[in-house]
Amino acid sequence: MLLVFTSDWGYVGDLVSFFPPLWRKILNKLYPKFIELFYQLQVEDDDKIGLYSYKVQSTITSRLANTMIQAKMVNNAKRPQHIVFDVQVPKGAFIDNFTMDVNGITFTSSIREKSEARRMYSQAKAKGKAAGIVRSNALDMENFKTEVNVPPGTRIQFELHYQEMIRRKLSSYEHVISLKPGRLAKHMEVDVRIIEPQGIRYVHVPNSLGDHFNGITTISKGEKKAHISFKPTMAQQRKCPTCSSTAVDGNFVVQYDVNRESTGGELEIFNGYFIHFFAPENLDPLPKNILFVIDVSGSMWGLKMKQTIEAMKAILSELRAADQFSLIDFNHNVRCWRDNLVSATPAQVEDAKKYIQTIHPNGGTNINEALLRATFILNEAQNLGMLDPNSVSMIVLVSDGDPTVGELKLTTIQKNVKQSIKDEFSLFCLGIGFDVDYDFLQRIATDNRGMAQRIFGNQETSAQMKRFYNQVSTPLLKKIQFNYPQESVSDVTQSSFHNYFGGSEIVVAGKVDTANLQHLESVVTATAANAELVMETLRDVEELDGFMKKDKYADPEFTRKLWAYLTVNQMLAERNTAPTAALKRNITKSILQMSLDHHIVTPFTSMLIENSEKDEIMLADQPKDPRRGCCSGTLGLTPNAPDNNKGIPPWANVTAVPVSFMPEQRSPPVLLLTPASFLYFSVDNDPHFIIYLPKSQRNICFNINSDPGHILNLVSDPSTGVVVNGQLIGAKKEENKKLNTYFGKFGFYFKNKGLKVEIDTETITLKDGSYSIMLSWSDTGHIIRKQLLISVKKESNVTIRVGEEMSFMVLLHRVWKNHPVNVDFLGIYIPPENQFSPEAQGLIGQFTSEPEVYIYNQRPGQTPKKPQATMEVKGNKLTVTRGLQKDYRTNRVFGTDVQCWFVHNSGKGFIDGHYKDYLVSHLYSFLKEP
């Protein structure tokens with residue numbers, strides 16, 4: 001008996017016709033079952049990546065957490081598959097080791113100077129012996145991801161190690177472990193051990209993973225040690241008894257605090273280093289002089305402003321009677337609720353709440369003038385003797401964007417604030433969302449004795465703002481100075497602090513000559529509410545030796561690692577505010593040497609992962625912290641990283657406001673991610689389509705060869721009422737007997753809003769019935785109408801944002817006016833995260849529902865650098881060619897090469913139907929249903 005089994009069922013049907021009539025009847029009856037079985041096997045094959053162990057081990061020794069994440073996986077499928085190791089590491093943690101074992105072949109890591117590591121990686125890449133590890137930023141976490149394509153039966157083990165110092169906030173240490181295995185694990189274990197020589201006051205594990213896991217975590221606590229264990233069985237991991245997906249998807253959180261006996265803090269000395277933990281309690285709060293500076297520009301409209309108002313009303317209610325305060329709100333103008341500080345009486349607080357309630361965001365963002373006004377009010381109050389000498393003065397800035405009005409140069413704003421603010425004042429910055437330049441906020445806050453924090457722009461904004469305020473709402477001490485015997489200690493980290501806030505902790509570290517010293521003494525001086533304090537502490541340098549040697553889990557290097565952690569972070573902060581290039585270079589050299597000495601990945605080092613023969617290599621860089629968790633030109637982001645259209649302010653929920661012209665904003669820093677993967681659907685050049693398929697993480701390309709004047713439908717989504725069409729233009733003349741075509745005009749129709757946007761190579765026009773407004777490509781500005789935002793960057797790009805649901809980017813390509821052949825044209829980029837409905841159609845819209853794609857049988861092509869392969873998709877077998885297309889978002893002249901599999905014949909077999917089925921009659925026409 002002959003059975004033919006293939007994914008090309010048209011081919012099977014043809015074969016059936018060759019059999020005798022009786023056989024044809026049998027095979028025709030089996031034909032549908034074959035299809036069902038085939039797809040069932042495909043699904044099963046896809047799910048045959050087995051996770052047979054997922055283990056997290058974390059040991060905290062005196063606030064120093066060493067964490068190991070290990071995943072053991074196997075490809076049980078009958079074909080090669082991509083196995084992905086994707087974990088999240090807390091921001092601020094230092095990765096210090098990564099290993100990978102593939103069927104007994106071990107890859108180990110080393111830390112190198114960044115340029116050297118990239119050079120070695122580039123050499124390996126040129127030989128085809130390189131792969132990439134993607135590191136990108138999310139909100140409180142940083143993603144670490146690697147992907148390996150392995151043959152059937154391969155067993156692979158990933159192991160990542162990182163270290164961090166657990167900071168005390170709101171009277172608690174909180175250790176957060178991201179637990180997102182992505183699938184059911186035969187064996188899952190989270191094991192956390194806490195060793196605190198000071199003694200452990202309490203341990204708490206909140207139910208952060210959900211009620212599903214109630215009662216599974218076990219906690220055992222001794223006087224100075226604690227053990228937390230979380231071992232859900234496979235049945236307990238399931239979302240439901242019959243589910244094949246895991247419910248383990250979130251953060252595993254451990255909270256604890258330590259005992260404190262000495263007001264002068266706790267000195268821990270071991271292995272030639274000392275750590276001084278300082279967190280006094282039972283002190284009266286110092287009075288505050290606080291100015292709230294609130295961004296009320298148009299981008300704050302809607303949920304952000306609502307949440308900010310809610311938070312401010314709660315914060316104002318918590319002001320103490322001894323506090324003084326005022327409010328400043330700013331857009332392109334600056335307004336003061338009161339021109340001077342007022343006492344926080346019930347009447348004044350209530351009046352301030354009413355004022356906050358009347359704010360209506362609109363206009364631009366004048367950060368410079370707002371901060372200078374705030375410093376003027378504080379300076380004037382001090383000059384007039386209105387401030388209690390023992391009080392603490394601070395400015396709290398709340399903003400969601402870059403300056404667009406007034407002084408725009410960030411370095412100048414930083415300099416202006418530094419010059420005008422008194423040495424006694426602090427600046428705290430809250431950056432809402434990802435449009436704000438968080439690096440700038442960190443610099444300006446650190447430069448003025450404060451700190452910055454990013455706030456999610458969502459339903460939790462209010463709670464996050466209140467939590468941040470609570471961290472700085474109770475100043476207990478000011479002018480804190482740590483003193484140690486100079487002849488016995490060296491390389492001491494920061495020892496002078498402006499303020500100490502209740503519920504936090506100050507940590508100082510240094511090297512100590514234990515060979516010639518029996519005791520180490522510290523003297524801490526500070527100003528309290530009613531007195532000048534002098535606090536002394538004396539410790540035997542060998543006091544910890546016995547305890548540390550007896551505990552097999554305690555990290556014997558914890559003092560050295562904590563000192564290195566504090567020193568590197570301190571140098572990074574100093575580098576950000578270094579006044580001269582020479583000083584910045586010297587600090588950079590010191591950071592680099594510390595990174596190499598202590599085997600940690602910092603902004604100036606990279607991790608190389610190599611096999612024993614050193615002929616296979618991977619590279620991991622530490623990402624910068626750009627404002628959107630990604631950056632312009634980044635092509636390899638992890639799926640949960642937000643959109644990267646910098647230069648466009650966050651969404652503004654407004655009805656109709658006039659167009660506002662805003663200066664050009666600088667692009668964020670570029671993040672090196674390897675290998676590059678294209679995270680946009682795009683159409684650019686002649687028109688070349690690049691379709692990124694997130695599930696299979698592949699780029700599929702095709703060209704459309706049609707005539708000038710034809711209008712192609714790119715997206716047609718009747719459910720959301722969105723249409724995107726593009727009209728073709730031709731080159732000035734043929735080349736090689738072919739007339740190249742390009743997109744010369746795009747039409748966007750948002751039916752539910754009644755809005756139309758037309759973009760050609762000269763103008764950008766918004767139409768709302770009889771109302772219309774136009775910008776030219778020589779402008780930089782924004783148009784906002786009915787919750788739709790159009791942002792134009794001069795002679796570069798246009799971005800259209802529809803709430804938080806959709807965004808589109810159109811790029812302008814200018815050519816020499818007298819070029820004999822080429823013409824100006826447009827390209828379009830559409831992120832796959834756009835929330836189209838499942839019914840979306842069009843040359844791009846149809847890929848909202850990602851098709852299953854299998855590529856195999858790779859073989860040499862007609863051109864050596866362009867191999868061919870077989871691709872199975874939508875029931876078709878296609879011959880595809882590996883090649884390069886261009887992404888023009890970061891380099892509009894030369895473009896960036898993007899590797900993809902090219903489908904010939906205008907995408908036939910990959911797109912539904914024929915490309916001519918996507919021709920429409922009008923720039924705003926929906927695609928007719930077949």
Looking at [X] and [Y], what are the two nearest heavy atoms and their distance?
X: M188; Y: P232; value: SD-CG, 3.8 Å
X: L184; Y: S244; value: CD1-O, 3.5 Å
X: M465; Y: I455; value: N-CD1, 4.2 Å
X: K304; Y: M300; value: CB-O, 3.7 Å
X: A65; Y: H175; value: CB-CE1, 3.8 Å
X: N103; Y: G153; value: OD1-O, 4.3 Å

Problem set entry | Pairing residues for N470 by the side-chain contact (heavy atoms from CB on, under 4.5 Å) criterion, not counting sequence neighbours | L170, E318, S473
Side chain [X], main chain [Y], donor-acceptor under 3.5 Å:
X: Y438; Y: A452; result: yes
X: Q307; Y: L303; result: no
X: T246; Y: V248; result: yes
X: H161; Y: D96; result: no
X: T559; Y: I275; result: no
X: E142; Y: K91; result: no
X: Q237; Y: A185; result: yes
X: H212; Y: R238; result: yes

Once ring pair (Phe, Tyr, Trp, His ring centres under 6.0 Å) is applied, do any residues pair with [X], and if so which ones, sequence neighbours excluded?
X: Y162; answer: none
X: F230; answer: F213, F252
X: Y565; answer: F94
X: Y173; answer: Y256

Exercise. Distance from T59 atom OG1 to H227 atom NE2, nearest 0.5 Å?
Worked result: 9.0 Å
Verify the distance criterion only: is there a donor paired with an acceptor across the side chains of [X] and [Y] at less than 3.5 Å?
X: S208; Y: N251; answer: no
X: N75; Y: T154; answer: no
X: E268; Y: S62; answer: yes

Exercise. Who pairs with R168 by salt bridge (Lys or Arg N to Asp or Glu O under 4.0 Å), at least two apart in sequence or on another chain?
Worked result: D257, E281
Problem set entry | Pairs meeting criterion disulfide bond (SG atoms under 2.5 Å apart) with involvement of residues 170-210, two or more places apart | none
For this session: Could you name each residue pair satisfying disulfide bond (SG atoms under 2.5 Å apart) that touches residues 171-248, not counting sequence neighbours?
Result: C240-C243
Are any non-hydrogen side-chain atoms of [X] and [Y] less than 4.5 angstrom apart?
X: V601; Y: F98; value: no
X: R193; Y: K225; value: no
X: I600; Y: T605; value: no
X: V150; Y: M73; value: no

Problem set entry | Exceeds 12 heavy-atom contacts within 6.0 angstrom, atom NZ of K466 | yes
Exercise. In terms of heavy-atom contacts, does CD1 of I216 have more than 12 from other residues, nucleotides or ligands at under 6.0 Å?
Worked result: yes
Exercise. Do we get R155 above Y52's six-membered ring, with its NZ or CZ under 6.0 Å from the centre and within 45° of the axis?
Worked result: yes
For this session: Write out all pairs satisfying ring pair (Phe, Tyr, Trp, His ring centres under 6.0 Å) with one or both partners inside residues 176-207, taking only residues at least two apart or from two chains.
Result: none
Problem set entry | ring pair (Phe, Tyr, Trp, His ring centres under 6.0 Å) partners of residues 73-93, not counting sequence neighbours, each pair once | F85-F158
For this session: Indicate yes or no: does R63 engage E196 in a salt bridge with an N to O separation below 4.0 Å.
Result: yes
Exercise. Pairs in or reaching into residues 215-224: which pass salt bridge (Lys or Arg N to Asp or Glu O under 4.0 Å), with residues at least two apart or in two chains?
Worked result: none
For this session: Mind checking side-chain hydrogen bond (donor to acceptor under 3.5 Å, both in side chains) for S178 and listing every partner two or more places apart, or none if nothing turns up?
Result: Q88
